[in-house]
Each structure stands twice: as structure tokens, then as C-alpha cells.
Amino acid sequence: MGSKVKGQGTRSYYRLLNIYLLLSIAFFLLPYLSHAAGLGNLKVSSSIAPSEIRIGEMIEFKVLVEHDKGIDIFYPDESVHLQHFEVLKHKVTSQKGGLTEIVYTITVFDAGEFVIPPVLITAKDRFGNERNVRTVEHKVAVKTGAIVGGEIMDIIPPMDVTEGRQYIKKVFSFLPYVITFLSAIAVIIYLLRKRSPLTVVNKDDRAKALERLKMLKVDEDNIGAVYFDIAEALRVFLYEHTKINALKMTSGEIVAGIRKDWQIDKIVHEAADLFFDLDLVKFSPFKPSRVDAVNAVSRAEQIVKEVP
């Protein structure tokens, strides 16, 4: 009878030991099981507004990420490549309970039907596990023209090849007179230099750019031309001062070069906003006021002064 009681006690001991081991294993696996459930609850949605614009108008591209607490969300910044679109800025908001919203402000300067490509969103937990989700594509229709009353009037297109050739022929007819005029000017300059050598004053790139901007006079009749002159002055300054090939770059490429070389958020954002306004006037029917033009000159001067 004593051996029977001893056998029952041994079996009870091993049974308790097995229960203890199972509870220990469950305790150590619990974080991983809860983590797997957290990544499984990830939801990504996106939207755009509006889906139809005119050249130069802005679009809000929103990405909404729903996730559990303790999950980190990674997303592209303003340098994300969206094919035909230029990313002007982005804003991120996070709320308690696991909701992250990323809003990209984008635009396009070509007319036609375009597609905003998917954006990659990555979710990671504290153990290094991750899950990647891409947004869906969004179609955007871009029209050219200006609203006059209730109708859209087409912008006058560039002259065609035939008109261009006729224009060139007309210019060449004046070529002999131009050559004679330039020759006379060259002789006068030669004689003046021979009499009294001119003192050559070398100005640095910053001083030349500021002087060029200060010479701009803003009148009601030349506001559009002033915006072209501001863009040209900035491109020449950036080319000479920073060696960025700004003369052959788009505005988006120039801002990307500034971000890469300077890495100063204030200057990058100021330059991006100013180049967007310049392109808006140059490539769309938007007409700024005289006050806007004066402010644009001041903003360009500030950028020239702040560049390292």
C-alpha cells in the first residue's frame, strides 16, 4: 500500500511539473503572439482631392494608416518620386489609439491623364518584425486653360514650326544692319579703352544677384515679366555660387539639389515655396498682384542672403 501511495505522488509531481513548463512557455511566447496580432490589424487607405485640376493647382494626397499601439510607421518624405508629379511638402499627424495620417501636397505642370503611383508604408514592432503595404493608384486629370466667366479659355500655344521659320527669316533680313551697328559700337569701345583703361570691378555672386534683384521694377503692366526675371536671377546665382546646374534643371530638381547640398530645412522650404509660385505664374493662367510680385522679390533676396 505504501508503494501505491508513492507512485501516485510521483505522478502528481510530474503532472504539476508539466503544467509549470507549459505555463512558462506560454508566458515567453505571449509577447510574440500579441505582436503577430498587432501587425495583422494594420490597415492602409489613401485618397486624393481634387481628382481634376488645371496646370499648377495643388492636390492633397492623403494616406491613412490604422495600427495597434507600439507599432512604428515608416513612410517616404518629400523626396518621394511620383513620376509626373512634384511633391511640394508633406505633413504627418498621429493620434492616440494607433492612427497615423500622412498628407502630401503635390502638383503637376503638364496637361493630360496621369496616375499617382503607389506609396510604400512599412510597419515595425519593437522586435524588428515588419510588414509592408502599398497604397492604391489614383488617376488625375490635368487641364490647361483659364476660367473666364463660366467657360474655360485655352491658353495660346507656342508658335508652330512654320511661324517659327518665318520669324527667323524676318530676323535675318535685319542682320546686315545689326552687324554694322555692333561694329560701330565695338570701334567706339576700343577707342574709349585706348584713351582711358577701364577699372575692372569684380563682384561676388551674392552681390551680383542682390543687385540684379534690386534693379527689378514692379509695375502693373510687367508683373509676369518680373517673375521670369526672379527665376532667371536665382538660377544664375545658384549655378555660379553653388555649382548646381540650375540653368538646365526643373524647379523640383533644383530644390532636391539644395536639400542634398545644404540640408537646412528653412532655406529648402523657402526655396521650394518660391519656385512653386514662380512656376505657377510662368506656366499657368494665375495672375499675381503687384504686392505679390514685390514680396516675391523680397523672398528671393532673403534666399540669396541666407545661402551658405
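Distance check: Glu66 CD to Ile71 CD1 gives 14.0 Å after rounding to the nearest 0.5 Å. In this structure, CZ on Arg299 lies 5.0 Å from CG on Leu274, to the nearest 0.5 angstrom. Ser183 contributes atom OG, which lies 11.0 Å from atom CD1 of Ile188 (distance to the nearest 0.5 angstrom). Atom CZ of Phe114 sits about 10.0 Å away from atom CD1 of Ile59, to the nearest 0.5 Å. For the atom pair Tyr227 OH and Leu280 CG, the distance stands at 9.0 Å (nearest 0.5 Å). Atoms CD1 and OG1, from Ile73 and Thr100 in turn, are 5.5 Å apart once rounded to the nearest 0.5 Å.
Across Leu39 and Arg131, no two heavy atoms sit closer than the pair O-NH1, 2.7 Å. The two residues Ile223 and Ala293 come nearest to each other via the heavy atoms CG2-CB, 4.0 Å. Considering every non-hydrogen atom in both Gly224 and Val281, the closest pair reads CA-CG1, 4.4 Å. Considering all non-hydrogen atoms of both residues, Thr135 and Pro117 come closest at OG1-O, 4.5 Å.
Side-chain contact check for Asp110 versus Val142: every heavy-atom pair is 4.5 Å or farther apart. Two residues are said to be in side-chain contact when any heavy atoms from C-beta on lie closer than 4.5 Å; Tyr75 and Thr122 fail this criterion. Inter-residue side-chain proximity for Ile230 and Leu278 is flagged as met; some heavy-atom pair is nearer than 4.5 Å.
Partners of Phe61 under the ring-ring contact (aromatic ring centres under 6.0 Å, His included) rule, at least two apart in sequence or in another chain, are Tyr104, His138. Considering only residues two or more places apart in sequence or on other chains, Tyr239 meets the ring-ring contact (aromatic ring centres under 6.0 Å, His included) condition with none of them.
One hydrophobic cluster, built from ILVMFWY side chains closer than 4.5 Å, holds both Met58 and Val63. A single hydrophobic cluster is seen to contain both Ile121 and Val92, as judged by linkage of ILVMFWY side chains at heavy-atom distances under 4.5 Å, directly or through other members.
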Exercise for review: Assess whether side-chain contact (heavy atoms from CB on, under 4.5 Å) is satisfied between Glu86 and Ile106, documenting all intermediate values.
Suggested key: CA-CA 6 Å; Glu86 289 192 21; Ile106 63 178; over 6 Å; no
Review point. Yes or no on side-chain contact (heavy atoms from CB on, under 4.5 Å) for Val307 and His241, after CA distance, side-chain angles and deciding distance?
Key: CA-CA 9 Å; Val307 168; His241 186 74; 3.7 Å; yes
Practice item. Give the intermediate values and the outcome of salt bridge (charged side-chain N to carboxylate O under 4.0 Å, His left out) for residues Asp72 and Arg126. Key: CA-CA 8 Å; Asp72 294 324; Arg126 60 182 180 275; over 6 Å; no
Check your understanding: Where do Leu210 and Lys305 land on the side-chain contact (heavy atoms from CB on, under 4.5 Å) test, with the steps shown first?
Key -> CA-CA 8 Å; Leu210 292 174; Lys305 293 177 183 178; 4.1 Å; yes
Point to revise | Lys266 vs Glu306, salt bridge (charged side-chain N to carboxylate O under 4.0 Å, His left out): CA-CA, chis, key distance, verdict | key: CA-CA 9 Å; Lys266 183 174 183 261; Glu306 292 178 352; 2.7 Å; yes
Point to revise | Pair Glu211-Lys208, salt bridge (charged side-chain N to carboxylate O under 4.0 Å, His left out): steps then yes or no | key: CA-CA 5 Å; Glu211 182 178 354; Lys208 288 193 296 184; over 6 Å; no
Exercise for review: List the steps and the verdict of side-chain contact (heavy atoms from CB on, under 4.5 Å) for Arg212 and Val236.
Suggested key: CA-CA 11 Å; Arg212 183 173 180 179; Val236 172; 3.9 Å; yes
Which donor-acceptor pairs under 3.5 Å do side chains of residues 244-256 form with protein atoms, sequence neighbours excluded?
residue, atom, partner, partner atom, Å
Thr250, OG1, Glu253, N, 3.3
Ser251, OG, Asp279, OD1, 3.1
Ser251, OG, Asp279, OD2, 2.6
Glu253, OE1, Thr250, N, 3.0

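Checking His90 against Thr105 by side-chain atom types alone, no donor-acceptor pair falls below 3.5 Å. Ser289 and Asp292 share a donor-acceptor pair across their side chains, judged by distance under 3.5 Å alone.
Both tests hold for Lys124 against Phe74: distance to the six-membered ring centre under 6.0 Å, angle to the ring axis within 45°.
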